[in-house]
Amino acid sequence: MSFKKVSLAALVGASMLVSGCVTHLSPGQEREMTAYEAKGLAQTEKSVSLAAVLGIFPIMGYAYTGHLVAATFSVLTWPFLGPLWMPADAAYAAQERNYWATKDYAEREKRKSLEVIDQKLQDKSINYEQHIREQREIEAKYSPY
């Protein structure tokens with residue numbers, strides 16, 4: 001086998017590893033996302049269906065979901081994985097992006113709400129017991145559990 005064939009095979013193999021491995025949600029993360037959705041806290045930063053459609057084309061699905069390295073290498077692997085794997089992988093990438101956007105949103109909103117009741121406690125418009133009760137309510141509201 002010539003050096004060119006070995007180099008090409010190594011390049012294609014490496015690019016398949018890089019472009020076909022977008023992280024998917026773990027079962028625990030899926031349960032958290034379901035809980036956030038039930039509480040009305042879910043954020044949709046990227047459309048899962050649009051990511052899947054764009055995943056049919058080289059570069060586009062991964063670029064849409066923000067996976068630029070995978071987008072770059074998808075040009076090389078598209079003939080092997082493109083129409084079969086990349087739409088599903090891009091959809092999973094959009095789900096992952098939405099999960100992290102939801103986690104960030106819930107944490108920001110929780111912090112804001114806690115700051116409000118902390119200020120009320122400082123101003124003495126609520127007492128310590130009321131503060132603890134409201135704090136528990138806020139934590140329950142923004143927790144996925």
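Residue numbers count from 1 along this sequence.
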Trainee: Any idea which heavy atoms bring Lys46 and Ala94 closest together, and the distance?
Mentor: CB-CB, 4.0 Å
Trainee: If you measure from OG on Ser47 to CZ on Arg97, what distance do you get to the nearest 0.5 Å?
Mentor: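 Here the interatomic distance stands at 13.0 Å.
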Trainee: What's the spacing between Leu114 CG and Arg111 CZ if we round to 0.5 Å?
Mentor: 9.5 Å
Trainee: Going only through I, L, V, M, F, W and Y residues with side-chain contacts under 4.5 Å, is there a path from Ile56 to Val75?
Mentor: no
Trainee: Other hydrophobic cluster members with Val48, side-chain heavy atoms of Ile/Leu/Val/Met/Phe/Trp/Tyr under 4.5 Å, chained?
Mentor: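 Under the 4.5 Å side-chain rule, Val48 groups with nothing.
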Trainee: Are Trp100 and Met33 connected in the hydrophobic side-chain network, where two residues link if heavy atoms are under 4.5 Å apart?
Mentor: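 Linked within one cluster.
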Trainee: Decide whether Met60 and Val53 are clustered together by the hydrophobic rule: side chain heavy atoms of Ile, Leu, Val, Met, Phe, Trp, Tyr closer than 4.5 Å, transitively.
Mentor: no
Trainee: What's the shortest heavy-atom distance between Met86 and Gly55, and which atoms?
Mentor: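 Reported closest heavy-atom pair: CB-O, 3.3 Å.
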Trainee: How are the rings of His67 and Tyr62 set to each other: parallel, tilted or perpendicular (split at 30° and 60°)?
Mentor: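 The rings of His67 and Tyr62 stand perpendicular, inter-plane angle above 60°.
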Trainee: Residues two or more places apart in sequence or in another chain: which of them pass salt bridge (Lys or Arg N to Asp or Glu O under 4.0 Å) with Lys39?
Mentor: none
Trainee: Please find the pair of heavy atoms, one from Thr65 and one from Ala90, that lie closest to each other, and give the distance.
Mentor: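 Heavy atoms of Thr65 and Ala90 come nearest at CG2-O, 3.6 Å.
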Trainee: Between Ser74 (side chain) and Ile59 (backbone), is there a donor-acceptor pair under 3.5 Å?
Mentor: yes
Trainee: Heavy atoms, side chains only, cut-off 4.5 Å: are His24 and Asp89 in contact?
Mentor: yes
Trainee: Go through it in stages, so that I can follow the logic: the residues are Gln135 and Ile132, the test is side chain to side chain contact (heavy atoms under 4.5 Å, CB included), and I'd like the CA-CA distance, side-chain angles, deciding distance and then a yes or no.
Mentor: CA-CA 5 Å; Gln135 182 180 7; Ile132 294 296; 3.9 Å; yes
Trainee: Please list, one pair per line, the donor and acceptor atoms closer than 3.5 Å that link side chains of residues 121-129 to other protein atoms, with sequence neighbours excluded.
Mentor:
| residue | atom | partner | partner atom | Å |
| --- | --- | --- | --- | --- |
| Asp123 | OD1 | Gln119 | NE2 | 2.9 |
| Asp123 | OD2 | Gln119 | NE2 | 3.4 |
| Ser125 | OG | Lys120 | O | 3.2 |
| Asn127 | OD1 | Glu129 | N | 3.1 |
| Asn127 | OD1 | Gln130 | N | 2.8 |

Trainee: Which atom names give the shortest non-hydrogen contact between Pro144 and Ala35, and what distance separates them?
Mentor: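 Smallest interatomic distance, heavy atoms only, reads O-CB, 2.9 Å.
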Trainee: Can you name the nearest heavy-atom pair linking His131 to Asp118, along with the distance?
Mentor: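 Scanning both residues completely, I find the closest heavy atoms to be NE2-OD1, 2.6 Å.
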Trainee: What residues form a side chain to side chain contact (heavy atoms under 4.5 Å, CB included) with Leu25, not counting sequence neighbours?
Mentor: Gln29, Glu30, Gln95, Glu96, Tyr99
Trainee: Specify the closest pair of heavy atoms between Ile117 and Glu134, including all atoms of both residues, with the distance to one decimal.
Mentor: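 The answer is CG2-OE1, 2.9 Å.
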Trainee: For Lys103, check salt bridge (Lys or Arg N to Asp or Glu O under 4.0 Å) against everything at least two apart and list the hits.
Mentor: Glu32
Trainee: The criterion is salt bridge (Lys or Arg N to Asp or Glu O under 4.0 Å); which residues satisfy it with Arg133, sequence neighbours excluded?
Mentor: none
Trainee: Run the salt-bridge test on Lys112 and Glu115 with the 4.0 Å N-O cut-off and return the result as yes or no.
Mentor: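 Between Glu115 and Lys112 there is no salt bridge, as every charged N stays at least 4.0 Å from the carboxylate O atoms.
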Trainee: With distance as the sole test, does Asn98 use its side chain to make a donor-acceptor pair with the main-chain N or O of Glu45 at under 3.5 Å?
Mentor: yes
Trainee: Could you give the distance from OG (Ser143) to CD (Glu107), rounded to the nearest 0.5 Å?
Mentor: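 Reported to 0.5 Å precision, the distance equals 10.0 Å.
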